[in-house]
Structures are given as C-alpha cells and as structure tokens.
Amino acid sequence: MEEYIDRVLISKEELGKRVVELGAEITRDYEGKKILVLGILKGAVPFMADLIREIKLPLAYDFMALSSYGVSTQSSGVVRILKDLERSVEDVHILIAEDIVDTGLTLKYLKENLRARNPLSVKVVTLLDKAARRKADVTPDYNGFSIPDEFVVGYGLDFNEEYRNLPYIGVLKQEAYEIN
Ligand code: IMP
Ligand code: MG
C-alpha cells in the first residue's frame with residue numbers, strides 16, 4: 001500500500017498533537033453546553049474517534065453519510081443524504097466533524113440542511129482545510145491543518161475507498177491514479 005505514497009504530508013505524531021489541541025479548545029468553548037458531535041461518514045471516522053476522547057465534556061455522537069465525490073477526485077456539487085441522523089437536534093449544539101473541506105459544497109449544503117432542524121447552534125471542526133479550492137462560502141470554525149491543493153489520503157481519507165487506514169496524511173504518487 002505504501003509504495004504508492006509519494007511523501008508524508010502530516011505525520012502520525014503531528015496528527016496526535018493537533019487533535020489534543022483541538023480537543024482542548026473545544027472543551028473550553030463548549031463548557032456547560034450539550035454537544036452532538038456529528039461525524040460525516042466515512043472519512044471523518046479516525047479523526048472523530050481520536051477527537052472525542054480529547055473533549056473532556058459529556059457529549060453524544062452520531063453520523064451522517066453524504067454523497068459528493070463518487071469514485072472520482074472531482075467534486076460534483078451534487079449532495080445527497082445517504083444516512084440521516086437518528087433523532088431530533090432541537091436541544092443540542094451540533095459540532096460537525098469532517099475529514100477535509102475542499103470546495104466546501106458538501107459542508108454548505110449540510111449546514112443549511114441542519115439549520116432547518118433548529119439546533120441550538122451548528123459549528124464545524126475539520127481535520128484538513130484545502131482553502132485554495134473553495135467554491136462555496138463556508139469557513140470551518142476549528143481547523144487542524146491548512147493544506148495545499150494536492151490530493152491526500154490516510155487517517156480516514158481515501159482514493160477509491162483505499163488508504164483510509166494509513167496512520168498519517170500522505171500525497172499519492174501519480175501511478176496510483178493510473179492503475180485504478
Ligand atoms: P467538498 O464538497 O469539495 O468540500 O468535498 C469534501 C469531501 O471530498 C471530503 O469529505 C472528502 O471525502 C473528499 N475530498 C476532498 N479532497 C480530498 C482529498 O484530497 N483526498 C481525499 N478525499 C478528498
Ligand atoms: Mg471521500
């Protein structure tokens with residue numbers, strides 16, 4: 001698997017350190033508030049699993065699955081809900097956990113959709129932010145790392161459903177796109 005990685009962009013150690021910092025920041029900001037951490041499947045799973053253990057507050061978590069990319073590396077802008085929340089969110093502060101904000105189209109749609117359900121608030125924590133590619137007007141409230149416009153994999157991020165289990169964030173070699 002790692003033969004197709006060109007280079008490590010963010011190491012396992014750097015990821016771990018940043019997740020601790022984000023958890024501490026969120027803990028301070030949400031003191032006394034009822035939080036629902038909303039993980040976006042499937043990419044946010046490793047990040048969210050690590051992050052929730054650094055948030056030192058009572059919380060609940062749930063997941064949504066949205067389609068945006070299919071198997072290509074280009075965002076279509078078409079968003080569909082494949083899996084929805086299990087309960088009403090009127091009494092909670094929603095903190096969306098994302099793996100990466102790229103064009104922002106997925107997030108813009110999701111935030112509008114959630115706001116219509118009248119939660120106490122909606123904020124976003126993303127592990128990665130690729131701001132150079134932004135098309136929709138959305139800014140994450142908490143961001144792990146700003147990254148350049150390169151396609152990355154690992155720690156939940158995939159290429160054709162692979163590489164999600166790498167413990168670091170890496171850049172794929174050109175060859176990896178060609179064999180798939
Ligand atoms: P957006 O709607 O363009 O912001 O797309 C966000 C989604 O696209 C993310 O949740 C990822 O699943 C996927 N994505 C965007 N950039 C990358 C990347 O560099 N590697 C892997 N997946 C990506
Ligand atoms: Mg993906």
Side-chain angles (χ1 to χ4, degrees), residues 1-12 14-15 18-19 22 36-52 61-85 94-115 122-180:
M1 173 169 69
E2 301 195 55
E3 62 186 290
Y4 292 114
I5 302 299
D6 183 48
R7 62 181 201 285
V8 175
L9 193 65
I10 307 168
S11 70
K12 182 180 173 181
E14 290 171 300
L15 288 169
R18 189 70 186 115
V19 169
L22 287 171
L36 176 70
V37 180
L38 171 52
I40 307 306
L41 295 172
K42 298 172 249 184
V45 167
F47 169 54
M48 176 178 163
D50 288 342
L51 181 68
I52 52 172
Y61 65 77
D62 201 351
F63 296 96
M64 282 179 76
L66 308 166
S67 75
S68 64
Y69 263 50
V71 293
S72 121
T73 57
Q74 290 299 307
S75 191
S76 61
V78 179
V79 180
R80 267 193 314 140
I81 295 179
L82 305 178
K83 184 214 175 291
D84 209 338
L85 291 172
I94 299 178
L95 181 61
I96 301 169
E98 260 283 27
D99 53 355
I100 185 167
V101 183
D102 184 27
T103 63
L105 292 167
T106 310
L107 198 55
K108 185 165 177 39
Y109 169 86
L110 179 63
K111 283 183 84 174
E112 280 166 13
N113 182 290
L114 291 170
R115 284 215 183 91
V122 182
K123 285 193 176 180
V124 179
V125 56
T126 186
L127 177 68
L128 306 175
D129 186 2
K130 219 193 266 181
R133 287 184 26 101
R134 200 62 39 82
K135 287 186 192 158
D137 178 26
V138 279
T139 311
D141 300 278
Y142 304 92
N143 171 32
F145 300 88
S146 295
I147 64 161
D149 183 8
E150 284 186 284
F151 195 79
V152 294
V153 293
Y155 198 57
L157 290 112
D158 73 302
F159 172 64
N160 283 355
E161 297 300 326
E162 288 179 16
Y163 306 98
R164 292 193 197 273
N165 57 324
L166 286 177
Y168 54 81
I169 299 287
V171 178
L172 271 190
K173 283 183 186 162
Q174 193 60 36
E175 305 157 53
Y177 301 103
E178 286 156 10
I179 58 150
N180 271 280

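Everything numeric in this text was worked out from a predicted model, so none of it was measured. Note that ligands are numbered from 1 as they come in the structure, with each ligand's atoms numbered from 1 the same way.
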Contact atoms of ligand 1, heavy-atom distance to Lys130 under 4.0 Å: 16 (N), 17 (C), 18 (C), 19 (O)
Where ligand 1 meets Asp158 - atom numbers and elements under 4.0 angstrom, heavy-atom basis: 21 (C)
Asp99, portion touching ligand 1 at heavy-atom distance under 4.0 Å: side chain
Heavy-atom side-chain contact between Leu66 and Ile81 under 4.5 Å: yes
Under-4.0 Å heavy-atom contact with ligand 1, by part of Val152 that carries it: both
Within-shell test, Gly43 vs ligand 1, heavy atom, strictly < 4.0 Å: no
Min heavy-atom dist Leu107 to ligand 1 below 4.0 Å: no
Numbered atoms of ligand 1 (with element) below 4.0 Å of Glu98, judged on heavy atoms: 10 (O)
Lys42: side chain to side chain donor-acceptor pair (under 3.5 Å) partners, not counting sequence neighbours: Glu161
Exceeds 12 heavy-atom contacts within 6.0 angstrom, atom OH of Tyr168: yes
Exceeds 12 heavy-atom contacts within 6.0 angstrom, atom CG of Asp149: yes
Atoms of ligand 1, numbered as shown, that sit under 4.0 Å from any heavy atom of Gly104: 1 (P), 3 (O), 4 (O)
Heavy-atom closest pair, residues Leu128 and Val152: CD1-CG2, 3.9 Å
Qualifying residue for side-chain contact (heavy atoms from CB on, under 4.5 Å) with Phe47, from Val19, Thr126, Asp99: Val19
Which segment of Glu150 sits under 4.0 Å of ligand 1 when only heavy atoms are counted: backbone
Pairing residues for Tyr142 by the ring pair (Phe, Tyr, Trp, His ring centres under 6.0 Å) criterion, not counting sequence neighbours: none
Proximity flag Lys135 to ligand 1, non-hydrogen atoms under 4.0 Å: no
Contact atoms of ligand 1, heavy-atom distance to Thr106 under 4.0 Å: 1 (P), 2 (O), 5 (O), 6 (C)
From Lys123 atom NZ to Ile96 atom CD1, the distance as rounded to the nearest 0.5 Å: 12.0 Å
